[in-house]
There are 2 protein chains.
Amino acid sequence: MGDLKKIHISLTKPDREMLKAIYRLSKGGGFAHTGALADAIGLSPGTVTTTIKRLAERDLLEHQPYRGVELTTAGRRAAVSAIRRHRIVERFLSDMLGYAWNEADRLAGAFEHELPQEVEERMFVAMDRPATCPHGFPIPDPDVSHIPEMPTLYALEPGAEAVVAVPGSTDPEVVKFLDAMGLRPGVRVLIKEKHPFDGPLVMRVAGQDRTIGEKVASQIFVRVLSDSDDGSNGSGKLKEQPA
Amino acid sequence: MGDLKKIHISLTKPDREMLKAIYRLSKGGGFAHTGALADAIGLSPGTVTTTIKRLAERDLLEHQPYRGVELTTAGRRAAVSAIRRHRIVERFLSDMLGYAWNEADRLAGAFEHELPQEVEERMFVAMDRPATCPHGFPIPDPDVSHIPEMPTLYALEPGAEAVVAVPGSTDPEVVKFLDAMGLRPGVRVLIKEKHPFDGPLVMRVAGQDRTIGEKVASQIFVRVLSDSDDGSNGSGKLKEQPA
DNA sequence: GTTGACTTTTTGAGTACCCAAAACAATAAT
DNA sequence: ATTATTGTTTTGGGTACTCAAAAAGTCAAC
Ligand SMILES: [Mn+2]
Ligand SMILES: [Mn+2]
Ligand SMILES: [Mn+2]
Ligand SMILES: [Mn+2]
C-alpha cells in the first residue's frame with residue numbers, strides 16, 4: 001500500500017564498482033574517503049569525486065564535501081546486489097567452468113556488469129542456490145541491504161572452530177603459502193593457541209598443527225561454527241572484507 | 001618467419017556490433033551501405049559514419065565515401081570471431097542455463113561483448129565443442145575469416161533433404177507458426193514439391209506433410225544433407241544470415 | 001594564530017559514444 | 001539539363017568517463 005515501488009535502478013560499471021568499494025570500506029555504516037576509494041578502484045581522486053557526486057544526485061549516498069561519503073539504504077541495497085552478482089558469477093566460473101578459486105575474482109570482474117540479472121538468477125538456480133562464493137563468502141539474498149560480517153582468523157580465541165574464507169583478490173604469493181598450509185576456502189580449523197602481543201596463532205588444520213603469524217591470520221576471514229559461539233563476533237574489530 | 005603476429009585486437013561493443021552487421025549484410029564480399037547498417041543496428045546514419053571511419057582507421061574495413069564499406073581480411077576475421085562468441089554464448093544459455101532457443105539471442109547480445117575470450121573458450125570446451133548455436137547455425141573455428149553460407153529452405157529443389165536453422169531474431173509470431181509446423185532448429189526436412197511462380201513449398205517434417213509459403217520458407221536456412229548435394233548451393237541467391 | 005602538509009574538489013582537456021539537423025553528393029525524374 | 005528525391009556526411013550539441021594539474025579546504029605543528 002505504501003508507494004515503495006521496486007524501482008530497478010540501472011547502474012553503469014563505474015557506478016557499481018564505486019558502490020561496491022564504498023560498501024567494503026565503510027561496512028558498519030561509517031564514512032569512506034575519496035583517497036581510499038581512488039586507491040581501491042584505481043582511479044584518480046578527481047574521478048572519484050565526480051562519480052560520487054553523480055551517485056549522490058541519485059540518492060544512493062550522501063556526500064559531505066571534504067569529509068567523505070556514506071551509503072543510503074538504497075545505496076547499500078545496490079551495493080549488496082552488485083556483490084551478490086559478483087559472487088554468483090565467481091561460483092559459476094568455478095563450478096560450471098572449472099576455474100580455480102583464485103582465478104575467479106579477476107574474470108568475474110570482467111563481465112559481471114553487463115550480465116542481465118535474469119541470467120544471474122538462472123545461474124544461481126542452475127547451481128542449486130549455493131550459499132557462498134568459491135572464496136567462502138556468503139552470497140546475500142536479493143534486496144537485503146547488509147551482509148553479515150565475518151571476523152578474521154586472528155580474531156578467534158583458542159577453542160573456537162571455524163570455516164575459512166580467503167578473499168579472491170589475495171596476493172598470489174600469499175595464496176601459495178596458504179595453500180601449502182592447507183588453508184583453502186571451506187576448510188575447517190580449530191584454534192589451539194594464540195600468543196600474546198600480536199604473536200603467532202596455533203591451530204589444527206586437516207589433522208595437522210599449523211602456526212601462522214598475525215599478519216597473514218588477519219587476512220583470512222572465518223565463519224565461526226555455532227559451537228563455541230563466543231568468539232568476538234560482535235565486538236572484535238572487523239576488517240575490510242573483499243571477496 | 002613472416003611478421004604476422006597474432007595481434008589481439010581489442011574492440012568495443014559498438015565496433016563489434018558494426019563488424020557483425022557489415023559481415024551479415026555483405027557476406028559474399030560486397031559493400032554494405034550506411035543506411036542499411038543504421039537500420040540493422042538501430043543507430044542514426046551519422047553515428048554509423050563516425051564508427052566506420054574509426055574502423056577504417058584501424059584497417060578493419062575500407063570506406064568509399066557515399067558508396068559503402070567493405071571488410072578487409074582482418075575485419076572479416078574480427079567479425080567472424082564476434083559471431084563465434086555470440087553463438088557460443090547462445091549455446092551456453094540454452095545448454096547450461098536451460099533457456100529456450102528463441103530467448104538466447106537477446107540475452108547473449110547483452111553480455112557477450114564483455115566476456116573474456118578465455119571464458120568463451122572454457123564455455124566451448126565445457127559444452128563439448130558444439131558444432132552449431134541453438135538456432136542451427138555453425139559455430140566457426142577461431143581465426144577463420146569466413147563462415148560457409150547456408151541456403152534458405154525455399155532455395156531447395158524437390159528431393160533434397162536438409163536440417164533447418166531458424167534465426168534467433170525471428171519475429172515471435174513467426175516463431176509460433178514455425179513451432180506449430182514442427183520447424184524447429186535441428187529438425188530434418190525432405191522437400192516434396194515446389195510450386196512455380198513463388199508458390200508454396202510442400203515437404204515432409206517429422207512424418208507429416210507440411211505446406212508453407214515462399215515468404216516464410218525464405219526466412220529459414222538449411223544445412224543440406226550430403227545426399228543429393230545438388231540443391232543450388234553455389235548459384236542460388238543466398239539471403240542475409242543472422243543468428 | 002600563522003605555516004605547512006595533506007586531502008579533496010574544481011578546472012581544463014581529451015576520447016568514446018550518441019542524436020538531430022544542416023550541408024553535401026549521387027541518383028532518379030522530369 | 002535542370003530539378004527533385006534519396007542517401008551520406010558533417011556540424012553542433014550532449015552525456016559519461018577519464019586524467020593532470022590548479023585551486024581550495026582541513027588539520028596538525030609550530
Ligand atoms: Mn571476488
Ligand atoms: Mn568471492
Ligand atoms: Mn543470435
Ligand atoms: Mn544463433
Side-chain angles (χ1 to χ4, degrees), chain A residues 8-22 25-26 30-71 75 78-79 82 109-114 240, chain B residues 8-22 24-26 30-71 75 78 82 109-114 240:
Chain A
H8 218 279
I9 345 127
S10 97
L11 293 165
T12 63
K13 175 150 99 179
D15 287 351
R16 265 169 208 275
E17 283 303 325
M18 187 60 69
L19 291 172
K20 279 203 293 185
I22 296 170
L25 259 52
S26 68
F31 280 69
H33 300 280
T34 302
L37 289 168
D39 286 352
I41 319 184
L43 292 175
S44 76
T47 302
V48 171
T49 302
T50 317
T51 306
I52 65 186
K53 286 181 113 175
R54 204 176 336 116
L55 293 169
E57 209 66 36
R58 300 176 65 174
D59 290 314
L60 294 168
L61 52 83
E62 269 185 275
H63 181 204
Q64 238 124 51
Y66 293 101
R67 284 283 139 80
V69 293
E70 193 169 16
L71 293 176
F111 72 99
E112 61 185 15
H113 299 289
E114 306 302 322
E240 175 192 336
Chain B
H8 217 280
I9 345 128
S10 97
L11 292 165
T12 62
K13 174 150 100 179
D15 288 351
R16 264 170 209 274
E17 283 304 324
M18 188 59 69
L19 291 173
K20 279 203 294 184
I22 297 170
R24 248 177 295 151
L25 260 51
S26 69
F31 281 69
H33 298 102
T34 302
L37 289 168
D39 286 351
I41 320 185
L43 292 175
S44 75
T47 302
V48 170
T49 302
T50 317
T51 305
I52 65 188
K53 286 181 112 174
R54 202 173 341 115
L55 292 169
E57 209 66 34
R58 301 177 64 176
D59 290 314
L60 293 168
L61 52 82
E62 269 185 275
H63 181 206
Q64 237 124 53
Y66 292 99
R67 284 281 138 79
V69 293
E70 192 169 16
L71 293 175
F111 72 99
E112 62 186 14
H113 299 290
E114 306 302 322
E240 174 193 336

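Below, chains carry the letters A, B, ... as their sequence lines are ordered, and counting in each starts from 1. Quantities reported herein were computed from a predicted structural model and do not represent experimental measurements.
Note on A/T34: only backbone sugar-phosphate atoms sit closer than 4.0 angstrom, heavy atoms only; bases stay farther off. Residue contacts for B/P14: at a heavy-atom cut-off of 4.0 Å it reaches the sugar-phosphate backbone alone, with no base atom in range. Using a 4.0 Å heavy-atom cutoff across all strands shown, B/G46 reaches at least one base atom of the nucleic acid. Using a 4.0 Å heavy-atom criterion, one finds that B/T12 contacts the sugar-phosphate atoms exclusively.
Annotation: of the two residues near DNA chain D, B/T47 and A/T51, the 5′-most nearest-nucleotide partner is B/T47.
Heavy-atom contacts of chain A under 4.0 Å fall on DNA chain C between two terminal nucleotides, which in 5' to 3' order are C/dT8 to C/dT10.
Partner B/E112 forms a salt bridge (Lys or Arg N to Asp or Glu O under 4.0 Å) with one of B/K20, B/R16, B/K13 and no other, that one being B/K20.
Looking at the side chain of B/Y66, the nearest of the listed nucleotides D/dT18, D/dG7, D/dT10 is D/dG7. Closest contact between the side chain of A/L43 and the listed nucleotides D/dT9, D/dC19, D/dC27 involves D/dC19.
Between A/L11 and A/R58, the closest side-chain pair of non-hydrogen atoms falls below 4.5 Å.
Heavy-atom contacts from other residues, nucleotides or ligands closer than 6.0 Å to CD of B/E62 number 12 or fewer.
Residue B/H63 has a polar side-chain atom (N or O) positioned under 4.0 Å from OP1 or OP2 of D/dT9. Between B/R67 and D/dT9 there is no side-chain N or O to OP1 or OP2 distance below 4.0 Å.
Taking 4.0 Å as the cut-off between side-chain N and carboxylate O, B/R54 and B/E57 do not count as a salt-bridged pair.
A/L11 places its CG atom 13 Å from the P atom of D/dA16, with the value rounded to the nearest Å. Here the P atom of nucleotide D/dA16 and the CD atom of A/E57 are 10 Å apart, to the nearest Å.
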